[in-house]
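The structure under discussion appears below in the form of structure tokens.
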Amino acid sequence: MKLAHYQAKRVQVNRRWHYEIAGHRYPGVTTILAATKPQADREALYRWRQRVGIETAKQISGQASSVGTGLHKHIAAYLKGKTAELPERLSGYWSSIETVLQDIDEVLLVEGAVWHKHGFVGFPDALVVHQGQLCLCDWKTARKPKQIEWITDYCLQVAAYCAAVNAVYGDEGIAVERALIAIALDDQPAQRFEVNPAELGLHWQGFQQRLFQFQNRGREIPAW
């Protein structure tokens, strides 16, 4: 089963980037999460930059971004049945994530735009049948293994994507209730963080709170 693939046009609204789709202009999920990142996370990032040095931090971040973008492109090509030359710098990461990809039974959607009436747009990496279950997948890369408590924003991200997928494709019988965050590492098998229906519901609530913060920046926010 293949789903319709939608695209969103990037536009500026009040000097901020949004996406235009289905007659609406909404911010992206990653923009919302970045703008509402908890202060503790911001402080931890600041301390890391001070510890390694500003220039080194920029270099590390730039390399990580380049690897992540390159791997995403290669995975997308693979899922679409296309052949693409694998850059040497990605070989370790590809070996890491390949076993996850081999567990995919069917591909329904790759990097299509989805949106939600609550006011956001997302671009999930893939909607697939993974080990016999409908699953939304998000590919990440990392220099070192992660712990689940370090990736809360990743969980909020996939929860938002799942809600938007269900909103867009619900009339076609799509009801995704599971997500997989696969983190590719250069020198070991990918980490797999599976998000079950109960966890996904909690993370969806968490994302809605962050969305509320984003939409009400500069206003007095009532206590919940």
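Numbers here simply count residues along the sequence, with the first being 1. The figures here come from the full heavy-atom set of this structure, side chains too, leaving out hydrogens, waters and symmetry mates.
Side-chain contacts under 4.5 Å among hydrophobic residues (ILVMFWY), followed directly or transitively, place Val110 together with Val67, Leu71, Ile75, Tyr78, Leu79, Leu86, Leu90, Tyr93, Trp94, Ile97, Val100, Leu101, Ile104, Val107, Val128, Trp139, Leu180.
Checked against the 6.0 Å centroid criterion, the rings of Tyr19 and Trp115 do not qualify as a close aromatic pair.
Considering only residues two or more places apart in sequence or on other chains, Gln147 meets the side chain to side chain contact (heavy atoms under 4.5 Å, CB included) condition with Glu149, Trp150. For Gln50, the side chain to side chain contact (heavy atoms under 4.5 Å, CB included) partners two or more places apart in sequence, or in a different chain, are Tyr46, Ile54. A search for side chain to side chain contact (heavy atoms under 4.5 Å, CB included) contacts involving Glu106 returns Met1, Leu108, Val129, not counting sequence neighbours. Scanning for side chain to side chain contact (heavy atoms under 4.5 Å, CB included) contacts around Ser66 gives Arg89, with sequence neighbours left out.
Side-chain N or O atoms of Arg178 include none that pairs as donor or acceptor with a backbone N or O of Cys135 at under 3.5 Å. Glu199 contributes a side-chain N or O that, together with a main-chain N or O of Asn196, makes up a donor-acceptor pair within less than 3.5 Å. For the pair Arg16 (side chain) and Val13 (backbone), a donor-acceptor distance under 3.5 Å is absent. Under the 3.5 Å distance criterion, the side-chain polar atoms of Ser61 are left unmatched by any main-chain donor or acceptor of Lys58. In terms of modelled atom types and a separation under 3.5 Å, the side chain of Asp105 and the main chain of Gly132 share a donor-acceptor contact. In this structure, the side chain of Asn166 engages the main chain of Val176 through a donor-acceptor pair within 3.5 Å. Formation of a donor-acceptor pair under 3.5 Å by the Arg42 side chain with backbone atoms of Lys37 is found in this model.
In this structure, Asp187 places its CG atom where more than 12 heavy-atom neighbours from other residues, nucleotides or ligands lie under 6.0 Å away. In Glu43, the CD atom is crowded: over 12 heavy atoms of neighbouring residues, nucleotides or ligands sit closer than 6.0 Å. Counting non-hydrogen atoms of neighbouring residues, nucleotides and ligands closer than 6.0 angstrom, the CD atom of Gln39 exceeds 12 such neighbours. By the 6.0 Å contact criterion, CD on Gln12 is enclosed, its count of non-hydrogen atoms from other residues, nucleotides or ligands being greater than 12.
Between Val165 and Pro124, the shortest heavy-atom contact is CG2-CG, 4.2 Å. In plain terms, the two heavy atoms of His5 and Gly112 that are nearest each other are NE2-CA, 3.5 Å. In terms of heavy atoms, Arg143 sits closest to Leu185 at C-CD2, 4.4 Å. Closest of all the heavy-atom pairs between Ala4 and Tyr169 is O-OH, 2.5 Å. The shortest heavy-atom contact between Ser96 and Ala190 is OG-N, 2.9 Å. Closest non-hydrogen pair, Thr141 versus Gly68, comes out as OG1-CA, 3.8 Å.
Going from atom NZ of Lys73 over to atom CD of Glu111 covers 10.0 Å, rounded to the nearest 0.5 Å. We find the CD1-CD distance between Ile148 and Gln191 to be 9.5 Å, quoted to the nearest 0.5 Å. Atom OG1 in Thr36 sits 10.5 Å away from atom CD in Gln209 (nearest 0.5 Å). A distance of 12.5 Å separates OG in Ser95 from CD in Gln188, rounded to the nearest 0.5 Å. Gln215 CD to His118 NE2: the interatomic distance, rounded to the nearest 0.5 Å, is 9.0 Å. Between the CG atom in Leu33 and the OG1 atom in Thr152 there is a gap of 10.5 Å [rounded to 0.5 Å].
The side-chain tip of Lys146 does not point at the ring of Phe193 from less than 6.0 angstrom away and within 45° of straight on.
If you run side chain to side chain contact (heavy atoms under 4.5 Å, CB included) between Arg192 and each of Ile183, Thr99, Ile181, only Thr99 comes through. Just one residue in the list Tyr26, Tyr161, Phe207 forms a ring-ring contact (aromatic ring centres under 6.0 Å, His included) with Phe120, and that residue is Phe207.
Counting only residues at least two apart or in different chains, ring-ring contact (aromatic ring centres under 6.0 Å, His included) contacts with residues 49-68 are absent.
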**Study point:** Pair His24-Val121, side-chain contact (heavy atoms from CB on, under 4.5 Å): steps then yes or no
**Key:** CA-CA 10 Å; His24 302 283; Val121 171; over 6 Å; no
Practice item. Go through the steps to decide whether Leu127 and Ile174 satisfy the test side-chain contact (heavy atoms from CB on, under 4.5 Å), and finish with yes or no. Key: CA-CA 10 Å; Leu127 181 65; Ile174 295 297; 4.3 Å; yes
Exercise for review: Kindly determine whether Val158 and His203 satisfy side-chain contact (heavy atoms from CB on, under 4.5 Å), including the steps that lead there.
Suggested key: CA-CA 8 Å; Val158 296; His203 291 310; over 6 Å; no
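At a threshold of 4.5 Å between non-hydrogen side-chain atoms, the residues Leu45 and Asp41 do not count as touching. No side-chain heavy atom of Cys155 sits under 4.5 Å from any side-chain heavy atom of Leu202.
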